[in-house]
Amino acid sequence: MANEPESFLKDGKRLDGRALDEARPMEIEAGVIENADGSALVKFGKTHVLAAVHGPRELHPRHLVVSDKALVRARYDMLPFSVEDRKRPGPGRREREISKVLSEAFTRVVEVEQFPRTVVDIFVTVQQADASTRITGLNAASVALADAGIPMRSMVTGITFGKISDGKKGYMVLDVGKEEDAFGMADVAYARAYNLDETVLLQMDGNITKEDFFEGKKMADKAIEKVYEAQVAALKSRYKEGSE
Amino acid sequence: MISDITKESIAEFLAQGKRFDDRDIDEFRDVTIETDVVDKAEGSAMVSLGDSRVIVGVKMSVGTPFPDTPDKGVLITNTELTPLSSDEFEPGPPGEDATEIARVVDRAIREAGIIDLEKLCIEEGEAVWMVFIDIYTLNANGNLFDAGALGAMAALMTAKMPKYEDERVNYEERDGPLPVKGKAVSATLAKIGETIIVDPTRKEEKALDARLTVGVNQDGNIVSLQKGGDGGLTDAELEEMLDRALKHSEKLLKALK
């Protein structure tokens, strides 16, 4: 990994040339895995994450069955070659924790009472990691669920924000980059159920005040509208092409 | 899992401002902290939040640093939800609930910079101190996040370094306190129906829609956040939870001497 920079800002711009409230370029494609019921690939800059939905389908092991609801089960993992130092195959503690918070976020929006005793499996696979992999995966999973035709109360849409320093003072920034994540002052993963106006995923580490948090959140809420529009546009273009 | 009927009746009860243990919705259970409870550990603590009780130990050994931090010691936090502490827990490797608690406690301590990991370097790239925090439940009745964080912090604050001589760790002799600076605690709130309560019991946890654990350092800054639960939080609820967590953290920080 690169060494820690003294300042994360140069002439008012971030190390990769972005403004404080500028997200990386984003691409969303729906319907990329034929065998899945729904799928999507989302790119946030150099972070590329694939999501595939299988279900509703029979749930194994049986003891996990919920009699009046579907279980929404997200599994996040990274390809071993998606990062500089090879990641050992299989989920570790970090991956299990991310899977848990993703499952909870989507349980909020999927109309689980429509499919009792089944499971909706969401597989999130990081192809290339360059910060914000869980949020990029969440945005992909949301499109994949819609692509699978799973009834949902809302799409789930997220973005990260954080705090960086120019050596003198801190600044809140949108869509944290890799060096900003590794050496910055704070990193917040944040996602909303867009139509419900609710936060459904929130994780943070670093050191910020309450005022910092709400300043960052304001930027993120604005950016989330754009991401949401891109999610909808990706789904529309999928159906317009009628690719099947 | 808890039935929807039970969940509804808990929510209705709470909406009247009542809790099963007669607490106010904004009342934390009594905190007791006892340190140096295990001689063999470098540091240890027993923490009670009402009848939720955990024992936390700090052990140290010498190992090789991670390649990307060759000049820093290593911090590893582990939690086990032991079958002795509740009917609900089964033997076996830590599941996702235990893993989440360990990682959330670890984040608050790491991000608040509690342990000066650079001071734990013995020889760059070769040998560093490894600090293991192990959190074990003795009687589980909810909010193990905050009990675990208090226990980890109390154990770290009282930990004594073993001696390192002739490339061997000598646990018989002590070499001063573990380099600890500052304090961190966490405060957890839960939303059940329309009500937001602090420090949920196990019964309340089973009925909750959403949970927020807020890590706070000695300056009153936020060092970690973790939302849990299958429900969402409105902006007003999020702000209320943050405010109440910051308020409760002041008392929790004071409980750590």
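Note on naming: letters A, B, ... go to the chains in the order of the sequence lines (proteins, then strands), and numbering restarts at 1 for each one.
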Let me know if [X] has heavy atoms under 4.5 Å from chain B in its side chain, its backbone, both or neither.
X	answer
A:Phe213	side chain
A:Arg94	both
A:Lys163	neither
A:Asn207	both
A:Leu201	backbone
A:Val101	side chain
A:Asp68	side chain

Do we see a donor-acceptor contact under 3.5 Å between the side chains of [X] and [Y]?
X	Y	value
B:Asp26	B:His248	yes
A:Thr133	A:Tyr76	yes
B:Asp106	B:Thr77	yes
A:Thr136	A:Thr47	no
B:Thr188	B:Thr213	yes

Count the heavy-atom pairs under 4.5 Å between each of [options] and chain B, then report the option with the highest count.
options	value
A:Asp187, A:Asp212, A:Thr209	A:Thr209
A:Met185, A:Met204, A:Glu198	A:Met204
A:Leu202, A:Asp85, A:Thr107	A:Leu202

Which portion of [X] sits near chain A, non-hydrogen atoms under 4.5 angstrom:
X	answer
B:Glu237	neither
B:Leu242	side chain
B:Asp243	side chain

Salt-bridge contact B:Asp97-A:Lys100 (side-chain N to carboxylate O under 4.0 Å) =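 Yes, B:Asp97 and A:Lys100 are salt-bridged.
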Lys/Arg N to Asp/Glu carboxylate O, B:Glu240 vs B:Arg244, below 4.0 Å =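 Judged by the 4.0 Å cut-off on N to carboxylate O distance, B:Glu240 and B:Arg244 do form a salt bridge.
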message = Tell me if a side-chain donor or acceptor on A:Ser142 pairs with a main-chain N or O of A:Met155 at a distance below 3.5 Å.
response =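 Not confirmed, A:Ser142 side chain does not pair with A:Met155 backbone.
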key: Most contacts with chain A, counted as non-hydrogen pairs under 4.5 angstrom, among B:Arg107, B:Arg110, B:Arg103   =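 If we count pairs closer than 4.5 Å to chain A, B:Arg103 comes out on top.
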Distance, nearest 0.5 Å, that separates NZ of A:Lys226 from OG1 of A:Thr157 =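 A:Lys226 atom NZ to A:Thr157 atom OG1 measures 14.0 Å (nearest 0.5 Å).
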